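Each chain gets a letter, A, B and so on, in the order the sequences are listed, and its residues count up from 1. The model shown is predicted, which means the values in this text are computed figures rather than measured ones.
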There are 2 protein chains.
Amino acid sequence: MVTLAEVAQHAGVSASTVSYVLSGKRSISANTRQRVERSIRELGYHPNAGARALASSRSNIIALMVPLRTDMYVPVMMEIAIAVATAARTHGYDVLLLTGEEGPDAVRRVAGSGLADGMILMDVELDDERLPLLRATDQPSVLIGLPADTTGLTCVDLDFRATGALCVEHLAKQGHQDIAVIGEAPAVYERHTGFAERTLDGLRSRSRELGVRLLHRPCDGGYDAMAVTLARILDERPGTTGIIVQNESAVEPLLALLRQQGRAVPEDVSVVAICPDQVATQASVRLTSVAIPAQEMGRHAVEHLVAKFEGRGSDEVVLIAPELTVRGSTGPAPTRP
Amino acid sequence: MVTLAEVAQHAGVSASTVSYVLSGKRSISANTRQRVERSIRELGYHPNAGARALASSRSNIIALMVPLRTDMYVPVMMEIAIAVATAARTHGYDVLLLTGEEGPDAVRRVAGSGLADGMILMDVELDDERLPLLRATDQPSVLIGLPADTTGLTCVDLDFRATGALCVEHLAKQGHQDIAVIGEAPAVYERHTGFAERTLDGLRSRSRELGVRLLHRPCDGGYDAMAVTLARILDERPGTTGIIVQNESAVEPLLALLRQQGRAVPEDVSVVAICPDQVATQASVRLTSVAIPAQEMGRHAVEHLVAKFEGRGSDEVVLIAPELTVRGSTGPAPTRP
DNA sequence: AATAGGTATCGAAGCGCTTCGACAACCTAT
DNA sequence: ATAGGTTGTCGAAGCGCTTCGATACCTATT
């Protein structure tokens, strides 16, 4: 392993000079800089991460806590994780992957050991058990998702309330009076996951304002669960003409079932999905949808965290405005025979 | 931040004694050990990761390189990543998430900086550009996936060759003579991804042995691509009665299309999928499938890597035997009218 | 001509831990 | 009673880096 000292010797300067070339924290003459850089290249020098962390008390690592669960939005989670990792690299940080397995203790461990300079938490619940710990340490952090109480926290999320409202609006504008919402798995609501409840909130209040009828039913993914859920919905509200789906793994089963029952999309039923664009465009019907901006969320989270590291941070809630893309699955409500 | 020295003082022992209590590398009297452990608890001490890494030249971190691409198997990748992270924790390691973004340089950077003690590479191509670098460093590593040349490498993978063979066998045994294979996206084959080619290999050689006709077509995910691919297949081989799918995002579109064309599964067409169990059980038809054992692969990879750290490692290729689970999507070939 | 202010570099201290050799203190077998 | 072995503990030396004065030189100002 090549060390700083070896580079210094090779370049004929002192170790501190090499360090300053690397960090740019003091001015170095062009001549010296070039000599040092050349030595670094020739020797194939890489600074030792541990030594660096010890001396500077900064690890240049961001911890990312992803949920262990696999009952929802897996591809989105993955996309966010990759976006975080990629964005972090552009700021000179690496990402440490923490699973839910360890629970809240992971927060303590990471903060205590100086393993990471800060952390990003995904899949935050409304009353998340990690939050008290987070507030207790002075560990800089950013949440992806919105807890009930955001005081003293920085959060990034899609504005799910607005998303719900937007979906209802779009359908109402086309004359749909009876709208059904196919939601996430029941477990997601039982956990009081922020985004699910907020979406529901937006859906309900906007439909109240617009005077349309709304029926919400949670639904596990998969064909069978969807079949049961859809049957119940149509039983309870036979006049349903608009459906909003917020569950990736229910999308395709829903479309298959509607097709099978001879209900045409969008002639008989309009469908709006809340899902990644990839799902919306690859479905058997091009779905009108509100996208989950995974990339953007990951990027924002990293940028806010890095800002905090540099002292320019502020506690703030960043809600990304939803965008509804009209594709082929929505149209005017059929006129009642 | 509490330090070792503070713990030592609090417990009335020397720093080295505390260190030995922590590492267990020298015997410590029960009395002393308890006093030290008590002090650790009372002070809320966490060893500093950087200092530890510097002094011991072990970081207790495993680097995991995931592909950046999102054109295939995203949920599987995520599942493997989580399995790796979880398994790593049980051995006292954390996981650093590296994306493909940085390319092969990441290998150099991680190896050079001592950031990680070893690395796990996912999504290995047959002739992967990271491999020469990996062989050049003495960085312990494990691949998930199989390159063309495995000398000096440790690899873990599902035996995709056997998987292909198994699928053909199952269909042939039921009397299917004309089998179509719906493969991964063309890009996957162009990249020479090991698993895709190996599967194909197994499919081809077994079908040759069994004397059944096999038609392989790559296919991008999504409904439209699937529609085109299926039409071509049925055009070219109208007598096709067995279909093998190796592309998660083609599964549901395929089933929808078959349904739409009035081809019953499994009465008219038998379908075997190569996909995670979750997909197979949640599809609109319970799919006979060969599962991708993501958990097992992640766990194996970590265990082999840890074994290498401890000097018990060996270069070896671990192929996990495929298991075909019969569900409702396969049956005897229809007798030709 | 003397001084102030920059700029470029060095030396040394120290970050918090691991680990090696030393050494008491005790036990056991002669 | 003594040599030889254990066992438990300590002190000190570093691991490779950052960073804080200090210093030496150079240019601009009075």
Side-chain angles (χ1 to χ4, degrees), chain A residues 1-37 39-40 43-61 92 94 109-117 309-310, chain B residues 1-37 39-40 43-61 92 109-117 309:
Chain A
M1 219 63 319
V2 188
T3 70
L4 225 214
E6 289 169 341
V7 173
Q9 193 176 8
H10 185 270
V13 297
S14 77
S16 49
T17 300
V18 177
S19 177
Y20 286 123
V21 167
L22 251 28
S23 70
K25 293 194 177 168
R26 285 202 185 172
S27 51
I28 296 287
S29 70
N31 184 335
T32 306
R33 154 172 290 109
Q34 278 163 20
R35 266 210 333 282
V36 170
E37 280 168 352
S39 298
I40 289 177
L43 300 180
Y45 168 71
H46 283 273
N48 181 89
R52 212 165 224 204
L54 177 56
S56 64
S57 31
R58 319 244 298 89
S59 63
N60 283 288
I61 288 181
D94 274 297
R109 190 169 61 87
V110 169
S113 66
L115 232 187
D117 296 332
F309 294 158
E310 295 170 358
Chain B
M1 218 65 314
V2 187
T3 70
L4 225 213
E6 289 168 340
V7 174
Q9 192 175 12
H10 186 270
V13 297
S14 77
S16 50
T17 301
V18 177
S19 177
Y20 287 124
V21 167
L22 251 27
S23 69
K25 292 193 179 171
R26 283 202 184 172
S27 51
I28 296 287
S29 70
N31 185 334
T32 306
R33 153 171 291 110
Q34 279 164 19
R35 266 210 333 281
V36 170
E37 281 168 351
S39 298
I40 289 177
L43 300 180
Y45 167 73
H46 283 273
N48 180 89
R52 214 166 224 202
L54 178 56
S56 65
S57 31
R58 318 245 296 92
S59 63
N60 283 289
I61 288 181
R109 190 170 62 86
V110 169
S113 67
L115 232 187
D117 296 332
F309 294 158

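Counting non-hydrogen atoms under 4.0 angstrom, Ser29(A) reaches the backbone sugars and phosphates but no base. If you check every strand for non-hydrogen atoms under 4.0 Å, Leu4(A) touches a base. Ser19(A) comes within contact range of at least one nucleobase, with a heavy-atom separation under 4.0 Å. Nucleic acid contact class of Ser56(A) (heavy atoms, under 4.0 Å, all strands): sugar-phosphate only.
If you walk DNA chain D from 5' to 3' and mark each nucleotide with an atom closer than 4.0 Å to a heavy atom of chain B, the marks span dT7(D) to dG16(D).
For the pair Tyr20(A) and Val2(A), nearest-nucleotide mapping onto DNA chain D gives the more 5' position to Val2(A). Along DNA chain C, the nucleotide nearest Arg26(B) and the nucleotide nearest Tyr45(B) are compared for position; the residue whose nucleotide lies closer to the 5' end is Tyr45(B).
For Asp117(A) (side chain) and Asn60(A) (main-chain N/O), a donor-acceptor pair under 3.5 Å exists by modelled atom type.
Shown here for Leu4(A) and Ala15(A), the closest heavy-atom pair between the two residues is CD1-O, 3.7 Å. Considering every non-hydrogen atom in both Gly44(B) and Val2(B), the closest pair reads O-CG2, 4.3 Å. Considering all non-hydrogen atoms of both residues, Tyr45(B) and Leu22(B) come closest at CE2-CD2, 3.8 Å. Across all their heavy atoms, Met1(A) and Glu6(A) have their closest contact at O-OE1, 3.7 Å.
OP1 or OP2 of dA8(C) sits under 4.0 Å from a side-chain N or O of Ser27(A).
Rounding to the nearest 0.5 Å gives a distance of 10.0 Å between CG of Leu115(B) and CZ of Arg52(A).
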